[in-house]
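Have a look at the structure below, then the notes.
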Amino acid sequence: MKLAIHHRPNSFSDRWIAYCEENNISYKLVNCYKNDIIQQVNECNALLWHHHHGDFKDVITAKKILFSLEHAGIKVFPDFKTSWHFDDKVAQKYLLEAIAAPLVPSFVFYDKQEALDWAEKTCYPKVFKLKGGAGSANVKLIRSRSQCFKLIHKAFGKGFRQFDSWEHLKEVYSKYKSKKASFKNVLGGIYRIVVSKEFAHQMPREKGYVYFQEFIPNNDSDIRIIVIGNKAFALKRMVRKDDFRASGSGRIIYEKNQIDERCVQIAFETNNKINAQSIAYDFVFDEKKQPLIVEISYGFSVAAYDQCEGYWDNELNWFEGKFNPQEWMIEEVLR
Ligand SMILES: Nc1ncnc2c1ncn2[C@@H]1O[C@H](COP(=O)(O)OP(=O)(O)O)[C@@H](O)[C@H]1O
Ligand SMILES: [Mg+2]
């Protein structure tokens, strides 16, 4: 067995490479951006690539390359069932509805008039989301009909940028105030207003659809459960001050007793239906305290989970102690 690994510093691949070195697993570094990537992988049995939604090259190449190889019988990470819906909340709505997973009630429209008619009759608040993005960047609370109408006009007009530099600056500034970002980060945010990110120009504007979710009130946090094979680990993320959004807040709680194990159970059940190698499931709780899935993602930050106290197996037995999720990914590929 020989693995091909596309290396990106500070991604899963750092640990994949270390694991191969330590365990004498044969591997080769490949460059997925080169024309001959399929030939590069030729003598290998598998390709692993931690592609990122914020890297434009990854966005336009990764799924095509990974799924082509998978089509031809090569093992890949992430595979089709794990990642066809990655960074696409609308795709996740269809998938989670299709497998009858407990998704927050979600609404998508591709017709402006239909969206306006819905907005006229529905109750508020609602949550507006772009299909892509992370760290709560493209998630907004809609408090009124007129605010909703405005968004619908924009969605079917000039559309939205994937990266909003003003929102980014606001986020960095509020993190600076709560000592979670440095002054240099604030300067970086100001710089981004003047010189926008290359990614912001490359990504097409989001338009021609509009996506909402029912607002699930009174959540001071969300719960993220990550399932890899038959193991799962979790953390709780507190919402930002005076905000309903937890993802990206940096306010993380790792204690096991803070995690509602019903979420672990649902994540295993849902992952079995999706048949995925590795997925993070984000939950909030409705007024009857029932867990609901907000979104799913194969990708997650590398270091944030090192402080977890342990993990569960798929029978919800708890194993205390340190672990390395990236090694489990390789085990999934070698299985
Ligand atoms: N429908 C909802 N009701 C209440 N809170 C929500 C809802 N959707 C998302 N949130 C909150 O907003 C955060 C960001 O939303 P999410 O869809 O996970 O976007 P991102 O991909 O940016 O993480 C979540 O972590 C959760 O705290
Ligand atoms: Mg999220």
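Whatever order the structure lists them in is the order used to number ligands and atoms, beginning at 1.
Judged by the 6.0 Å distance and 45° axis criteria, Lys57 is positioned over the aromatic ring of Tyr33.
Under 3.5 Å, the side chains of His7 and Ser13 contain a donor-acceptor pair of N or O atoms. Under 3.5 Å, the side chains of Gln113 and Asp117 contain a donor-acceptor pair of N or O atoms. Looking only at atom types and distance, the side chain of Asp286 has no donor-acceptor partner in the side chain of Gln290 under 3.5 Å away.
Counting non-hydrogen atoms of neighbouring residues, nucleotides and ligands closer than 6.0 angstrom, the CG atom of Asn257 exceeds 12 such neighbours.
Under the 4.0 Å criterion applied to side-chain N and carboxylate O atoms, Glu97 and Lys93 are assigned as salt-bridge partners. Salt-bridge check for Lys89 with Glu295: passed, with a basic side-chain N closer than 4.0 Å to an acidic carboxylate O.
Using a non-hydrogen distance threshold of 4.0 Å, Val239 does not register as a contact of ligand 1.
Checked against a 3.5 angstrom limit, the closest N/O atoms of Gly135 and ligand 1 fall inside it. Among the atoms of Ile216, some N or O lies under 3.5 angstrom from an N or O of ligand 1. Checked against a 3.5 angstrom limit, the closest N/O atoms of Val294 and ligand 1 fall outside it. Inclusion of Asn138 in the set of residues having an N or O under 3.5 Å from an N or O of ligand 1 is not warranted.
Excluding waters, the protein N/O/S atoms found under 2.8 Å from the Mg ion (ligand 2) are Asp282 OD2, Glu295 OE2.
Close approach of ligand 1 to Lys89 (heavy-atom distance below 4.0 Å) involves ligand atoms 16 (P), 17 (O), 19 (O), 20 (P), 21 (O). For ligand 1, the atoms closer than 4.0 angstrom to any heavy atom of Asp282 are 18 (O). Under a 4.0 Å criterion applied to the non-hydrogen atoms of Phe215, ligand 1 contributes the atoms 3 (N), 4 (C).
In plain terms, the two heavy atoms of Ser136 and Arg240 that are nearest each other are OG-NH1, 3.5 Å. Annotation for Cys32 and His6: closest pair N-ND1, 3.0 Å, computed over non-hydrogen atoms.
In terms of protein heavy atoms, atom 15 (O) of ligand 1 is closest to Val139 CG2, 3.6 Å.
Contact annotation: for Arg245 versus ligand 1, heavy atoms closer than 4.0 Å belong to both the backbone and the side chain. Under 4.0 Å from ligand 1, the heavy atoms of Lys129 that appear belong solely to its side chain.
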Working for salt bridge (Lys or Arg N to Asp or Glu O under 4.0 Å), residues Asp88 and Lys131: CA-CA 5 Å; Asp88 188 338; Lys131 60 182 165 56; 5.2 Å; no
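Under the 3.5 Å distance criterion, the side-chain polar atoms of Glu327 are left unmatched by any main-chain donor or acceptor of Arg15.
Evaluated by nearest non-hydrogen atom to atom 2 (C) of ligand 1, the leading choice among Arg224, Glu214, Arg240 is Glu214.
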